[in-house]
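For reference, the structure is listed below as structure tokens.
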2 protein chains.
Amino acid sequence: MTEENRSHDEVLREALEEHGHRYTEQRAAVYRFLASTDKHPTAEDVFLAVRNDVPVISLATVYKSLETLVSCGLAQKLTYGESSTRYDGRTDPHHHARCLACDRIVDVPGTLPSEDLEEMDRETTQFRVTGYRLEFTGYCASCHSEEAGTAPALA
Amino acid sequence: MTEENRSHDEVLREALEEHGHRYTEQRAAVYRFLASTDKHPTAEDVFLAVRNDVPVISLATVYKSLETLVSCGLAQKLTYGESSTRYDGRTDPHHHARCLACDRIVDVPGTLPSEDLEEMDRETTQFRVTGYRLEFTGYCASCHSEEAGTAPALA
DNA sequence: GTATCTGCAAATTTTTTGCCAGTAG
DNA sequence: CTACTGGCAAAAAATTTGCAGATAC
């Protein structure tokens, strides 16, 4: 393993431990793959890719591992109208641009959106922006009291 | 029917015609319900609600009708990690806030997001904002040429 | 040693489809 | 009339679950 891989493993071990989960080869492989790609793979994509690294892993385990990573804050779940859920291993603040033609998802740097579409257009590399959608997360009036646990910076 | 309902029907007729679809009682009932609520119902919610208005309608027809409305620009499809797809009959520019506790979805007025979370907090009525997510839509570098048809203002 | 995890297959859940009769235009 | 629609039931697609054996710690 390279130094970078060892670093990934350490990050993973720490996060898992902190959340009361165990380190396993399957979870490590899923995390390594997610962290190594800037594509935004589906569970099946991850399954197919990880098969090459790990002797045997099942699709169900990939689903379970992804869920575990998300719950540890090491991955993000992205859903769109079409097809399957996508997963993103980047944990720094950023946004996404989805191509209406090919469904590719591209990362957009930055935390706050620009003031106008033109600037957005420039920010999203090589991407011609036609629209956007903003979703806030938090707690509604009737749920303020139940607000427990952590508040994700980017949900 | 009230005047408002007649107006809904006219809007619907026009939009359907424009897209080469026919006006039917089922589509009208689905559209009327969607336009009358500020909740963001699932297909099943729509099915149950519409049953009261229309003698007989099937869940499959509700799915087909919703798909038709979306394709005519009369409704929006909203997907989140959890459970089913939600539908929104509002067609003016606005955003959404989702409660992490109860999954309720609240409308947020305005087109461009505010500069800071505090202001967002004020904008989203009674909603305590902890995070947000921004999704651009458009066409990636390799798909520029294929860019055909209409570009939705808010996808 | 023991609680957690994995793989497998079966179950669930959500959405789509094929087909024939019914209806809009 | 004739093509588009709706209902029904079956299919498909995506994700989850129960369980028994394997594994981390």
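- Considering only heavy atoms from C-beta on, B/H40 comes within 4.5 Å of B/L78 through its side chain.
- The side chain of A/Y63 places no N or O atom within less than 4.0 Å of a non-bridging phosphate oxygen (OP1 or OP2) of D/dT16.
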Test ring pair (Phe, Tyr, Trp, His ring centres under 6.0 Å) on A/H95 and B/Y132; report intermediate values, then the result.
CA-CA 10 Å; A/H95 298 291; B/Y132 68 95; 5.5 Å; yes

Step by step, would you call B/S71 with B/T68 a side-chain hydrogen bond (donor to acceptor under 3.5 Å, both in side chains)?
CA-CA 5 Å; B/S71 81; B/T68 302; 5.4 Å; no

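- Listed nucleotides: C/dT14, C/dT6, D/dT15. Nearest to the side chain of A/S84: D/dT15.
- Spacing between atom NE2 of A/H19 and atom P of C/dC5 amounts to 13 Å, rounded to whole angstrom units.
- Of the candidate nucleotides C/dT14, C/dG7, D/dT15, D/dT15 has the atom lying nearest to any side-chain atom of A/L59.
- The side chain of A/T85 contributes no N or O atom lying less than 4.0 Å from OP1 or OP2 of D/dA14.
- Nucleotides of DNA chain C nearest to A/K64 and B/K64 differ in position, and the one nearer the 5' end is that of A/K64.
- At distances below 3.5 Å, at least one donor-acceptor pair connects side-chain atoms of A/S36 with backbone N or O atoms of A/F33.
- Counted by atom type alone, B/Y87 and B/D45 present zero donor-acceptor pairs between their side chains at under 3.5 Å.
- Rounded to whole Å, atom P of C/dT23 lies 15 Å from atom CD1 of B/I57.
- Across the protein-nucleic acid pair, B/L66 atom CG and D/dT5 atom P stand 15 Å apart, rounded to whole Å.
- The nearest whole Å value for the distance from the CD atom in B/E44 to the C1' atom in C/dT12 is 14 Å.
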Contacts under 3.5 Å, N or O only, protein and nucleotides 22-25 of chain D:
unit_1: D/dA24; atom_1: O3'; unit_2: A/Y23; atom_2: O; d: 3.4
unit_1: D/dA24; atom_1: N3; unit_2: A/R22; atom_2: NH1; d: 3.1
unit_1: D/dC25; atom_1: OP1; unit_2: A/Y23; atom_2: N; d: 3.3

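- When the side-chain nitrogen and oxygen atoms of A/S58 are compared with OP1 and OP2 of C/dC8, none of them lie within a distance under 4.0 Å.
- Taken to the nearest 0.5 Å, the CD atom of B/Q76 stands 13.0 Å off from the CG atom of B/L66.
- Straight-line distance from the CG atom of B/L69 to the P atom of D/dT5: 12 Å, rounded to whole Å.
- Listed by chain and number, the residues in a ring pair (Phe, Tyr, Trp, His ring centres under 6.0 Å) with B/Y31 are B/H8 (sequence neighbours excluded).
- Distances were taken from every side-chain heavy atom of B/T61 (C-beta onward) to each of D/dT16, D/dG6, C/dT14; the shortest belongs to D/dG6.
- Atom-to-atom, CD of A/E67 to P of C/dC5 comes out at 13 Å; the value is rounded to the nearest Å.
- For the pair A/Q26 and C/dG7, the criterion of a side-chain N or O lying under 4.0 Å from OP1 or OP2 is met.
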